[in-house]
Amino acid sequence: MSNSEFLTSSRTEELLPKYRAFLKEHLYPIEKEIIYGSFKAHLPQLNSLRQLAKKEKLFAPHLSESEGGLGLSLFEFAGISEVLGSSPLGHYIFNCQAPDIGNMELMHQFASKELKDQYLKPLQRGEIRSCFAMTEPEHAGSNPKHLSTLAIRDGDNYIINGHKWFTSSADGASFTIVMAVTDPQNPNPYQRASMILVPLDNPGYKLIRNIPIMGDVGEDYMSHGEVSFTDCRVPVSNLIGSEGQGFVLAQERLGPGRIHHCMRWIGICERALDLMCKRAVYRELDPGRPLASQQTIQNWIAECSASIKASRLMVMNTAYQIEKFGAKAAKEDISTIKFFVSDVLMKVLDKAIQVHGGLGITDDTLLSFWYRHERGARIYDGPDEVHKSVLARSILKPYMNHE
């Protein structure tokens with residue numbers, strides 16, 4: 001199950017087999033032991049694999065060659081991202097995992113040279129990790145204008161006070177980029193917030209806990225932190241971009257980020273479909289009567305395969321639109337792929353679990369891990385309902401204006 005030729009470039013046609021071979025040889029055999037065990041205990045092993053990825057010139061495919069990457073375009077990286085998504089460890093090993101990849105893109109465009117030298121370059125080299133603090137438990141994440149975290153100017157410093165959660169991978173990170181209100185009285189609510197880099201050794205910062213996700217607390221990279229900022233003092237020079245530019249930067253981060261997420265989800269779907277097919281052929285209802293002989297199972301497999309192919313075409317087209325015309329011009333497509341692919345993801349995982357029967361809800365396969373951790377796909381980056389509403393209003397607009 002691979003991308004069609006017209007969805008790849010000559011460069012990715014050369015790279016894709018190398019990534020598939022790396023995952024099959026090095027990641028698939030160890031992934032369950034790591035994701036269901038202690039991630040921190042396996043860090044030496046994971047770091048060795050990162051070094052191997054560098055040696056094989058597969059590391060950081062999204063970065064330019066001058067930054068130590070492969071110089072792939074967004075469209076080209078999308079195809080790689082699908083392959084890496086087939087393992088929960090894929091993006092991490094090749095240093096293109098969220099939220100770091102979004103922070104890299106953000107800082108590459110908008111951070112000062114000093115911040116780039118001190119934080120971005122080691123992040124790009126995979127020497128440190130980062131996190132992104134935006135969502136607040138006190139407010140609906142579907143309304144990002146409603147923030148309580150304040151960054152008050154005090155001379156050459158900001159003093160930050162606030163409470164964030166789902167600050168993914170905060171455990172073990174070296175710094176975070178915080179979305180905080182710097183101009184609460186601005187009449188334009190979209191110009192009230194800014195993005196500020198905060199080193200996590202700051203005495204005003206605290207990791208309160210790793211949030212249990214359907215019972216799985218997680219640790220290190222595979223965790224979601226609840227964090228607080230109490231009189232957290234950082235230099236004004238830690239500002240990313242300009243003051244009041246927070247929402248503009250968030251939108252810059254959003255378009256490519258949506259491509260990364262959706263192609264990762266498609267990679268998960270492909271792996272789940274593969275597991276489903278193997279189980280359907282192997283598992284017998286009676287001797288000589290496999291699950292695969294049942295028409296319902298056949299329908300599920302066909303429907304899942306068609307949905308995955310449709311998702312891939314939709315996402316790759318959106319990546320092309322972003323590259324050619326910019327994220328703003330592709331905003332409808334960006335909303336569409338978010339709710340469409342996340343829905344496909346959950347349907348494919350659910351069918352794969354059903355075909356596995358009781359085995360599907362155990363931790364003996366990857367399915368229970370993905371089901372727990374990817375259910376949030378329909379919530380984060382804006383809930384599906386918001387994106388559907390945005391798209392519907394856009395579709396209806398010419399009808400409403402029609403006399």
Side-chain angles (χ1 to χ4, degrees), residues 2-3 5-23 25-27 46-87 89-130 174-175 177 197 221 240-241 249 252-253 255-261 263-264 267 315-316 318-327:
S2 61
N3 289 322
E5 278 188 25
F6 68 92
L7 293 180
T8 60
S9 67
S10 58
R11 184 79 194 281
T12 51
E13 280 294 306
E14 175 191 342
L15 288 169
L16 285 168
K18 296 180 180 179
Y19 280 106
R20 291 192 185 102
F22 191 106
L23 265 66
E25 181 179 354
H26 300 293
L27 300 192
L46 293 167
N47 289 335
S48 294
L49 287 172
R50 283 184 144 202
Q51 293 305 313
L52 180 60
K54 286 183 180 181
K55 183 179 178 182
E56 296 190 6
K57 301 190 184 310
L58 298 173
F59 199 69
H62 61 295
L63 294 179
S64 66
E65 292 183 15
S66 64
E67 294 170 314
L70 302 185
L72 300 185
S73 67
L74 178 63
F75 183 86
E76 290 173 323
F77 174 68
I80 302 297
S81 189
E82 177 185 338
V83 173
L84 302 187
S86 68
S87 171
L89 304 174
H91 287 81
Y92 177 82
I93 292 300
F94 297 96
N95 201 34
C96 50
Q97 71 282 0
D100 295 290
I101 187 170
N103 287 346
M104 289 184 211
E105 290 169 350
L106 192 67
M107 294 183 70
H108 173 78
Q109 293 185 69
F110 301 104
S112 66
K113 182 182 184 302
E114 291 72 24
L115 290 180
K116 287 179 181 177
D117 289 342
Q118 188 171 357
Y119 297 102
L120 176 59
K121 289 180 180 178
L123 185 66
Q124 291 173 330
R125 293 192 295 264
E127 297 166 0
I128 60 173
R129 285 195 301 98
S130 65
S174 296
F175 71 89
I177 295 176
L197 188 148
Y221 163 65
I240 307 291
L249 301 190
E252 289 285 339
R253 198 177 188 271
R258 191 65 48 70
I259 300 299
H260 304 161
H261 275 311
M263 292 307 291
R264 181 176 62 82
V315 178
M316 295 300 283
T318 302
Y320 173 80
Q321 297 297 326
I322 291 173
E323 280 199 340
K324 192 169 181 66
F325 304 110

Partner of S81 by side-chain hydrogen bond (donor to acceptor under 3.5 Å, both in side chains), out of H260, R264, H91: H91
Could you check whether atom OH of Y320 has more than 12 heavy atoms from other residues, nucleotides or ligands sitting under 6.0 Å from it? no
If you take all heavy atoms of Q124 and L63, which pair is closest and at what distance? CB-CD1, 3.6 Å
Report yes if the side chains of F110 and L106 come closer than 4.5 Å at any heavy-atom pair, otherwise no. yes
Going through the distances and angles, do T318 and R258 end up as a side chain to side chain contact (heavy atoms under 4.5 Å, CB included)? CA-CA 10 Å; T318 302; R258 191 65 48 70; over 6 Å; no
Flag, side chain of N103 to backbone of L120, donor-acceptor distance under 3.5 Å: no
With sequence neighbours left out, what residues match E127 under salt bridge (Lys or Arg N to Asp or Glu O under 4.0 Å)? R125
Could you give the distance from CG (L89) to CG (L84), rounded to the nearest 0.5 Å? 11.0 Å
Which heavy atom in P99 sits nearest to a heavy atom in S130, and how many Å separate them? CG-O, 3.7 Å
Using side-chain heavy atoms (C-beta onward) and a distance below 4.5 Å, is N47 in contact with Q51? no
Calculate, to the nearest 0.5 Å, the distance between atoms CG and CD belonging to L72 and E65 respectively. 9.0 Å
Donor-acceptor pair, K116 side chain versus H108 backbone, under 3.5 Å? yes
Does Y19 use its side chain to pair, donor to acceptor, with the backbone of L58 at less than 3.5 Å? yes
Look at the aromatic rings of H62 and F77 and report parallel, tilted or perpendicular, splitting at 30° and 60°. tilted
Got V83 and F22 here, is their nearest side-chain heavy-atom distance under 4.5 Å? no
Shortest non-hydrogen contact between L16 and G79, atoms and distance: CD2-O, 3.6 Å
Quick one: does R20's side chain get under 4.5 Å of L23's, heavy atoms only? no
Under a 4.5 Å cut-off applied to non-hydrogen side-chain atoms, are F175 and L123 in contact? yes
Between atom OG of S48 and atom NZ of K55, what is the distance when rounded to the nearest 0.5 Å? 12.0 Å
Student check: side-chain heavy atoms of I93 and H26 closer than 4.5 Å: no
Straight-line distance of L49 CG to E56 CD, nearest 0.5 Å: 10.0 Å
Contacts of S73 meeting side chain to side chain contact (heavy atoms under 4.5 Å, CB included) (sequence neighbours excluded), chain-then-number -> F75, E76, E323
How close do L27 and S87 get, heavy atom to heavy atom, and via which atoms? CB-OG, 4.0 Å
Is a side-chain donor or acceptor of R11 paired with a backbone partner of L70 at a separation under 3.5 angstrom? yes
For G126 and F59, work out which heavy atoms get closest and say how close. CA-CZ, 4.2 Å
Nearest-0.5 Å distance, CG of residue L15 to NZ of residue K57: 12.5 Å
For residues M107 and L197, determine if any side-chain heavy atom of one lies less than 4.5 Å from a side-chain heavy atom of the other. yes
Non-hydrogen atoms of I80 and P61 that approach each other most closely: CG2-CG, 4.3 Å
What is the distance from atom CD of Q97 to atom CZ of R129, rounded to the nearest 0.5 Å? 7.5 Å
